[in-house]
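What follows is a single structure, written as structure tokens, with notes after it.
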Amino acid sequence: MSKTRLRIAGGVVYDPANDGGADGGIRDVCIEDGRIVAELPRDAPKLDARGMVVMAGGVDIHSHIAGSSVNHGRRLLPEEHAADPAPAPPLADPDAIPRSGTGGTIPTTFTTGYRYAALGYTTAMEAAVAPLAARQAHAELDDTPIIDAGLFTLLGNDDYLLRQIAAGEAARARDYAAWVLSAAGGYAIKIVNPGGVERWKAGGRNVTGLDDAVGSGAVTPRRILETLADAANALELPHPVHIHCNNLGQAGNATTTLETMRALAGRRAHFTHLQFHSYGGERGKSWKSAAKEVIEHVNAHPEVSVDVGQVMFGPATTLTADAPVEYLLHASSGRRWVNVDVELETGCGIVPYSYKEQAAVASLQWAVGLELFLLAKDPWRVVLSTDHPNGGSFLSYPELIRLLMDRSHRDECLKRVNQKLVAGSALADGLAREYTLSEIATVTRAAPARLLGLKHKGHLGVGADADVTVYANDADRAKMFSTPRHVIKGGVLVVEEGQLRRAPTGRRLRVQPGYDRAVTRDLKRWFDGYACVSFENYPAAELGE
Amino acid sequence: MRAVVAARGGNRSGADAVATWQTGFPFAVDFAGGYPRYRPHAGAAVLLARREIDVALLVGSPAGVPQAVAAALGQVTTIAIGPRASAAPFRPTVAIDTGVAGIHEGGTAFRMDDLALPLRPALSGPAVAADVVRALAARLMKGRS
């Protein structure tokens, strides 16, 4: 590789991982061979960043951008694609083959990579991939340029895993988790509605609490959570178990969310799209915000981290392994849908959706997300997401940033929403907090990278990946964050003067934890007996030694 | 330029999946406007019948092409790349014979329920279709600049 050098000169640098959250100091950021270095010769190429804001590239801890479920979603949305054409960008490299595509709430693969980069994001995690479907997810990421990406591997309703739990075989369950992460080329263990999807698929009702029996009475959501949280920590995975709790989207579900956090007390765990799990009231009767109780628990427990899963008004596509939830959403909304039984592993449901300011529940959801952000004490553990495309597109992050940074704008928006369920919430009572640029840098890059265990990302210290975003400072924060002036990925200037000019291939982020090979002998018998794919054809990625 | 996906036989589920993740549409994709447009009512047979097509590029086995399309392909300049392409009944202008996926070349095929599975070659054979297409694309890009 050639010695690519660049000095980003004179910008106001926000690097909370290294500057302790200081309020932006003017300094040069030097890049050589794809890494941040301490100094460069005076004659190195310069990028004039005077008056601009410099941060590490954005890191999305939870997004849905690749895999068979995402592609089923694309199939559902031809009118969105027709309405949002994405012509091929004019790339600078004459050998590059720029690709056209289409957008909407689930853009095509090339367009996804281009749009993330044009937003100043350089890393994104695809948050739900069944191991059986991992081959397709990797193929889609191969067609998703620029961003570095990893996959979270779904395990919370996996038949083999549940049988190990029923048999009291915690060590075997851990070995299986390690093997399947390697085989799927995954980065972290994902749990979606533990036990609930399996029970619903088997013809029963979704679970409602942590101690409901899933088949055998020895298997409960609580046991699944404990087993996988312990496995992730024992395997020393860079990211702890990534949990989508039971009862997503139900009134009163905050009780379950808090019970789940208490069940895992003392264990590292990440709770995703917390907004969808922070409702008070009573199922079928009433709704209210329970954001305050939930975030107070998070604030007091340093082993817990979360991403918010903010709802943004406008079109969305709900898409999850939580198939029973999508069944309910389809039944209540009457919208078109897809439901997939992913054999021995999980489920999948998709329903296009729209969050409207006039709607009472959507307005409550919007308020709950903002309350979580504004009442959070530690930005290193409460990070930004919309659960793209579930709460809204990743393209709505700049507007979300404006809501967090600009109280008067937020208050104006609050006046417009349906007040029925919002009245009496902390947000309606008046939350004065405004995020600083340093806090935004924390919740959009430094903290997600740290929570993911990506030591070379989310910061601008010596040795870090040269993923850097340069913004023109603008009082309108939505405008500022939607159109970065320059974006550098791995030392390559991908966005130059606001134009996407280069589209290098992104890297795949994956783990290969060790395991006792005895598990594979048992797995061969399991595959022969029950699976639709042979043991040899199952792994989507090279297995480690 | 106008491109069509004439899917029949072969790895249809795979072609549908890849077209969907790359263009947002499963088939009948028109790139003439510089971006993908969905024209399910103007597939290969219709466009050929309207004589809107200058050149047809057919990738895959020509054996599965429907008779109506095959007859129309005989009326335009056709480049066929695939197993036994040179034996195609519509007599392609240019034919490049390749191996058969899963026998002579590796790759990925989709089961009809949309599950991606690995293909491994068992025999060595003629040129690999994907390599031929890539080489052509590279030449075209060179010619463009």
Under 3.5 Å: donor-acceptor pair, side chain of A:Glu126, backbone of A:Ile65: yes
Has A:Glu80 got a side-chain atom pairing as donor or acceptor with A:Thr105's backbone, closer than 3.5 angstrom? yes
Run A:Leu154 and A:Glu345 through side-chain contact (heavy atoms from CB on, under 4.5 Å) and show every step you take. CA-CA 8 Å; A:Leu154 289 162; A:Glu345 298 181 346; over 6 Å; no
Go through the atoms of [X] and report whether side chain, backbone, both or neither lie under 4.5 Å from a heavy atom of chain B.
X	value
A:Glu343	side chain
A:Leu77	neither
A:Arg99	side chain

Checking [X] against chain A: side chain, backbone, both or neither under 4.5 Å from a heavy atom?
X	value
B:Asp16	both
B:Leu115	side chain
B:Thr20	both

Would you say the side chains of A:Asp60 and A:Tyr116 form a donor-acceptor pair under 3.5 Å? yes
Is there any residue in residues 134-144 of chain A with a non-hydrogen atom under 4.5 Å from a non-hydrogen atom of chain B, and which ones are they? A:Arg135, A:Gln136, A:Ala139, A:Glu140, A:Asp143
Does anything in residues 533-541 of chain A get under 4.5 Å of chain B by heavy atoms, and if so which residues? A:Val533, A:Glu536, A:Asn537
Pick from A:Ala133, A:Pro85, A:Ala66, A:Ala82: which one has the most heavy-atom pairs with chain B under 4.5 Å? A:Pro85
Can B:Leu119 and B:Asn11 be said to form a side-chain contact (heavy atoms from CB on, under 4.5 Å), step by step? CA-CA 11 Å; B:Leu119 298 179; B:Asn11 183 13; over 6 Å; no
